[in-house]
Amino acid sequence: MQDEQSFLRQYRQDDYPRPSVTADVVAFTLSSEASDNYRRNAQPKLLLLLIKRGGHPFKGCWALPGGFLNPGETIEQCALREIEEETAVKPVSLMSIGLFSEPDRDPRGWIISNAFVSVLGAEKPEQRSGDDAADAQWFEVSFERAEDGTEALTLTHEDVSLRAVLKEEKSAFGISAFSVLDSGSLAFDHAKIIAAALTALRGCARDFEMIFDFLPEKFTLTELQNVQETILNVSMQSANFRRKIAGLVEETEEYTGGAGHRPAKLYKRKQEA
């Protein structure tokens, strides 16, 4: 009977077809617009980090930061390395949203992508292009269902507007799968990955998970509510929101400052005992 060591000596990886492996990062942050009315709080906008591809395939198209797995690194290390090389942005943590493995998703051949979501802090990180990215920019995100049941994904930055059209195929474990009807000039199947990431992000926001990651350590309840409303694209009654969030936050002894605004109590996330 053959033992394991004998089996491994005879085993040849090249006898079996193997795909290339990549990581793609869907990095979100919030940016506030200054209000013309000093009595109103600035309204945040959900932003997504994209790079403009500097080489083929899809040269000149916008895409998610990402690239190929190197020998000796984990897929998470690959994701963190690629986004920093291409955008100079350094995520602290990643959440996996699944594999994208359709055989024809990449014209270069059989390439499987591992997709991750990252939430980048209270202030929009400064980005700059590097490696094989010709540009890197934050795009404002809109993701809404149309009357015909399709999903419209619109990404805008200055005079650039990308509009993809998708259809939800199935949903499980809080993550939805989509088919792409129109890529909106996004590279590869990245419209599909972004749609899945937004669905997962909204699922986390409904349970009040992850929304704290968009804020500094200390925040007002209005700022916290604005984050959830922006991600979910809904409006909520302040009293209902504060009742639901009460067990997750605790007061500090500090207040906001600044001319033109009434000082507001600052809170922080309650730590588990």
Distance-only side-chain donor-acceptor flag, Arg9 / Ser6, under 3.5 Å: yes

Closest non-hydrogen atom pair, Cys78 against Glu73: CB-OE2, 3.5 Å

Distance (rounded to the nearest 0.5 Å) between Lys45 NZ and Ser142 OG: 11.0 Å

Candidate pair Asn114 and Ser96, rule side chain to side chain contact (heavy atoms under 4.5 Å, CB included), full reasoning: CA-CA 8 Å; Asn114 299 258; Ser96 174; over 6 Å; no

Verify same cluster id: Phe188, Leu166 (apolar side-chain graph, 4.5 Å): no

Interatomic spacing from OG in Ser179 to CD in Glu168 - rounded to 0.5 Å: 10.0 Å

Over 12 foreign heavy atoms within 6.0 Å of OH, Tyr16: no

Side chains of Glu229 and Asn226 in contact at under 4.5 Å (non-hydrogen atoms): yes

Atom NZ of Lys270: over 12 foreign heavy atoms under 6.0 Å: yes

Side-chain ion pair, Glu217 and Lys268, N-O less than 4.0 Å: no

Heavy-atom check, side chain of Phe143 versus side chain of Asn233, under 4.5 Å: no

Separation of Lys218 NZ from Tyr267 OH (nearest 0.5 Å): 14.0 Å

Heavy-atom side-chain proximity of Thr222 to Arg242 below 4.5 angstrom: yes

Expected output: side-chain Thr22 to main-chain Ile112 donor-acceptor under 3.5 Å: yes

Neighbour count >12 (heavy atoms, 6.0 Å) for atom NZ, Lys265: yes

Minimum heavy-atom distance between Pro125 and Trp138, given as atom pair plus value: O-NE1, 3.0 Å

Atom of Leu120, atom of Val89 and distance for their closest heavy-atom approach: CD1-CG1, 3.0 Å

Short side-chain to backbone donor-acceptor contact, Asp182 and Gly184, under 3.5 Å: yes

Leu30 reachable from Val234 in the ILVMFWY side-chain graph, under 4.5 Å edges: yes

Student check: side-chain heavy atoms of Leu50 and Leu186 closer than 4.5 Å: yes

hydrophobic_cluster_shared for Leu181 and Phe178, side chain cutoff 4.5 Å: no

Transitive ILVMFWY side-chain link Phe58 to Phe68, under 4.5 Å: no

Nearest heavy-atom neighbours spanning Met236 and Gln225: O-NE2, 3.0 Å

From CA spacing to verdict: salt bridge (charged side-chain N to carboxylate O under 4.0 Å, His left out), Asp106, Arg108: CA-CA 5 Å; Asp106 192 313; Arg108 293 170 293 190; 2.7 Å; yes

Nearest-0.5 Å distance, CD1 of residue Ile245 to CG of residue Asn240: 12.5 Å

Stepwise side-chain hydrogen bond (donor to acceptor under 3.5 Å, both in side chains) test for Gln10 and Gln2: CA-CA 11 Å; Gln10 297 176 13; Gln2 187 181 41; 3.2 Å; yes

Main-chain N/O of Leu64 paired to His190 side chain as donor or acceptor, under 3.5 Å: yes

Derivation and outcome, side chain to side chain contact (heavy atoms under 4.5 Å, CB included), residues Met210 and Leu201: CA-CA 8 Å; Met210 198 178 281; Leu201 182 68; 3.0 Å; yes

Smallest separation among heavy atoms of Leu153 and Leu155, with atom names: CD1-CD2, 4.0 Å

Spatial distance of atom CG (Asp207) from atom NZ (Lys244) [nearest 0.5 Å]: 11.0 Å

Residues clustering with Leu266 (ILVMFWY side chains joined when closer than 4.5 Å, directly or via others): none

Donor-acceptor pair, side chain of Arg105 and main chain of Ile111, under 3.5 angstrom: yes

Side-chain donor or acceptor of Ser129 paired with backbone N/O of Thr87 under 3.5 Å: no

Mutual orientation of the aromatic rings belonging to His157 and Phe139 [parallel < 30°, tilted 30-60°, perpendicular > 60°]: tilted

Leu49 CG to Trp62 CH2 distance, which is reported to the nearest 0.5 Å: 9.5 Å

Same apolar cluster (I L V M F W Y, side chains within < 4.5 Å links), Ile83/Val21: yes

Geometric class of the Phe212/Phe219 ring pair [parallel <30°, tilted 30-60°, perpendicular >60°]: tilted

Pro57 backbone acceptor or donor facing Arg53 side chain under 3.5 Å: yes

Verdict with reasoning, Phe214 to Leu46, per side chain to side chain contact (heavy atoms under 4.5 Å, CB included): CA-CA 10 Å; Phe214 283 96; Leu46 185 64; 4.2 Å; yes

Check against side chain to side chain contact (heavy atoms under 4.5 Å, CB included), Val26 and Leu198: CA-CA 9 Å; Val26 190; Leu198 283 163; over 6 Å; no

Under 3.5 Å donor-acceptor, Gln127 side chain and Ala136 backbone: yes

Distance-minimising heavy-atom pair for Ser176 and Thr199: OG-CG2, 3.3 Å

Check: Arg81 and Asn70 side chains under 4.5 Å, non-hydrogen atoms: yes

Heavy-atom neighbours of Glu126 CD exceed 12 at 6.0 Å: no

